[in-house]
Number of protein chains: 2
Amino acid sequence: MTVTSVHDPSHREALWELEDAFERGDLVSLFGRCTVAYEGRAASDLGAGDRLLVLKPDGAALVHTDEGRQPVNWQPPGSEHHAAVREGRLRVRSTRNSPDETLTVRFSDVHQLSAMAVTGGRDLTLHGSEEDLRTRILERPDLVEQGFEPRETERPSSAGPMDIFGADADGTPVVVELKRRRVGPDAVGQLARYVRALREELGIEDPAEGGEAGPKRTDSPDVRGILVAPSVTDRAAERLADRGFDHVALDPTPEE
Amino acid sequence: MTVTSVHDPSHREALWELEDAFERGDLVSLFGRCTVAYEGRAASDLGAGDRLLVLKPDGAALVHTDEGRQPVNWQPPGSEHHAAVREGRLRVRSTRNSPDETLTVRFSDVHQLSAMAVTGGRDLTLHGSEEDLRTRILERPDLVEQGFEPRETERPSSAGPMDIFGADADGTPVVVELKRRRVGPDAVGQLARYVRALREELGIEDPAEGGEAGPKRTDSPDVRGILVAPSVTDRAAERLADRGFDHVALDPTPEE
DNA sequence: CAATACATTTCGCTC
DNA sequence: GAGCGAAGTGTATTG
């Protein structure tokens, strides 16, 4: 529970505190005026300004301005922090390999530096995820459709694992794709890949080919695709119709 | 440049400092032992532990543990921060509407609170984005293919805007999809949507239909699809081949 | 406001 | 490590 805190330190003082904090494995919060340079997957430069630098013992580094949920610059976990005084400025550098990337923060002024050992309590319980939606359906398959019978989750296919594989009341194979929120055309493409893969696997001809123009065919065994999501965009609905797939409106958690 | 900083404040003191900081529009950094509850697009609970809470004047709130680039909990910009002392604890709550969401952080102990006015210097210059890749191609179209001629960027279609629309040496229409890094099957699906939309628009029959089995047809005007990306996954390459599309290996920035 | 696609996405899981 | 897909994704842009 030891918190280190220095106000308007000299660069030397800040350097000592930083090195001690790295040594102890502390979480560091540093206010100051700085420039930021990044080079790696991309490259960026940020002119002088007041910012908050957060340094984590796992190697993550975050540069925050007064706006936005996202840091303006950062370095992912697994990096290594190094501090030094160069050309009269405090330089904090985080580096990692594969991919090679470097974040360099140069402080002309350090206003405030705090560091604390942070332990325990990372056990977040989250509700309303796609997994919750799956659980809900497995407990009550009729929410998808009368007579729907789930057979397998994460069923492998040549196009990747499908969320739920099952059969409808007629025994026709059904691929169910789950989304926890409103979806666009990309989700339909995903479902289409799984359905296509399953058709191929089962030796079922694609109904879009075969006939010369008929957009749908119902007179032969087929594979059905069902997209379960709270709602879909217009373009997604079009593409669902094109493919002959169904949409079932369902939330990950029952609405109150 | 005024930095406020209090060490091990009482809840009352912390509350005053927080309210002043909100008033001034400061960026706040707060170390302490807390529980976190979120309710909105999903719902989550986090047990007691030491964490760093960052509060921004634009309404963003970030709860950081000692690990990860991502905050363990957060609230997006546009929220409103409120602080109070309830049941012997300092409660910080950030709320926003549409969607309705609330983040509640309850501190049993506040170890360190700092706040600073943070201004200016949000002008980040970034290189290596998809836009850089586009610029590079427009300056040297032959990087895509000998004789390639770009005609339009962000060309509208019923499936959305395509990155580059142009023509090859034979005058055949070409849709180019750009990706700044290695891509999977999703990017092929995106390209396919644009090509399909353009074929429909130009009244060109899809070569996959029409013939009974021939996977490709080269004896009639068609629309070509080219995926420009540093590299593609195997599955993406398969799907490219299925569709008769090409891949051109190109980075957003020239490699040194 | 909805819709769409990019992002230094990050993250977790499987192979 | 690569590949694949989810995420309370965030973010900008366009209609």
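Side chains are part of it too, since the values below use all heavy atoms of this structure and drop only hydrogens, waters and symmetry mates. Because the structure is a prediction, the values reported are computed rather than measured. So you know, we letter chains A, B, ... as the sequences are listed, proteins then strands, and number each from 1.
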Colleague: For a 4.0 angstrom threshold against heavy atoms of chain A, report the outermost contacting nucleotides of DNA chain D in 5' to 3' order.
Modeller: D:dG1 to D:dT11

Colleague: List every contact pair, protein side and nucleotides 13-15 of chain C side both N or O, where the distance is under 3.5 Å.
Modeller:
none

Colleague: For B:Glu131, answer base if it contacts any base atom (sugar-phosphate contacts may also be present), sugar-phosphate if it contacts only those atoms, and nothing otherwise; contact means non-hydrogen atoms under 4.0 Å.
Modeller: nothing

Colleague: Indicate whether OP1 or OP2 belonging to C:dC6 is found under 4.0 Å from a side-chain N or O atom of B:Ser129.
Modeller: no

Colleague: What does A:Glu177 touch in the nucleic acid at a heavy-atom separation under 4.0 angstrom: a base, only the sugar-phosphate, or nothing?
Modeller: sugar-phosphate

Colleague: Do B:Arg134 side-chain atoms and B:Leu178 backbone N/O form a donor-acceptor pair below 3.5 Å?
Modeller: no

Colleague: What nucleic acid atoms does A:Gln75 come within less than 4.0 Å of, heavy atoms only: base, sugar-phosphate, or nothing?
Modeller: nothing

Colleague: Which parts of residues 64-74 of chain B get close to DNA chain C, meaning a heavy atom less than 4.0 angstrom away?
Modeller: B:Gly68, B:Arg69, B:Gln70

Colleague: Using a 4.0 Å heavy-atom cut-off, does A:Arg193 contact any base of the nucleic acid, only the sugar-phosphate backbone, or nothing at all?
Modeller: sugar-phosphate

Colleague: Taking salt bridge (charged side-chain N to carboxylate O under 4.0 Å, His left out) as the test, write out the residues that go with A:Arg86, two or more places apart.
Modeller: none

Colleague: Working to the nearest 0.5 angstrom, can you tell me the gap between A:Glu177 CD and A:Ile226 CD1?
Modeller: 12.0 Å

Colleague: Have a look at B:Arg235 and say if it touches a base, only the backbone sugar-phosphate, or nothing, with a 4.0 Å heavy-atom cut-off.
Modeller: sugar-phosphate

Colleague: Can you list, by residue number, the residues of residues 157-164 of chain B that have a non-hydrogen atom closer than 4.0 angstrom to DNA chain C?
Modeller: B:Ala159

Colleague: Any side-chain N or O of B:Tyr194 under 4.0 Å from OP1/OP2 of C:dA5?
Modeller: yes

Colleague: Select base, sugar-phosphate, or nothing to describe what B:Pro99 touches, counting heavy atoms under 4.0 Å on all strands.
Modeller: nothing

Colleague: Give me the distance, rounded to whole Å, that separates D:dA7 from D:dT11 when you measure between the C1' atoms they each carry.
Modeller: 15 Å

Colleague: How would you label the contact of B:Ser44 with the nucleic acid (heavy atoms, under 4.0 Å): base, sugar-phosphate, or nothing?
Modeller: nothing

Colleague: Reading DNA chain D from 5' onward, which residue's closest nucleotide shows up sooner: A:Lys179 or B:Arg182?
Modeller: B:Arg182

Colleague: Donor-acceptor check, side chain of A:Arg239 to backbone of A:Gly189, threshold 3.5 angstrom: yes or no?
Modeller: no

Colleague: What residues from residues 89-96 of chain B pass a heavy-atom cutoff of under 4.0 Å to DNA chain C?
Modeller: none

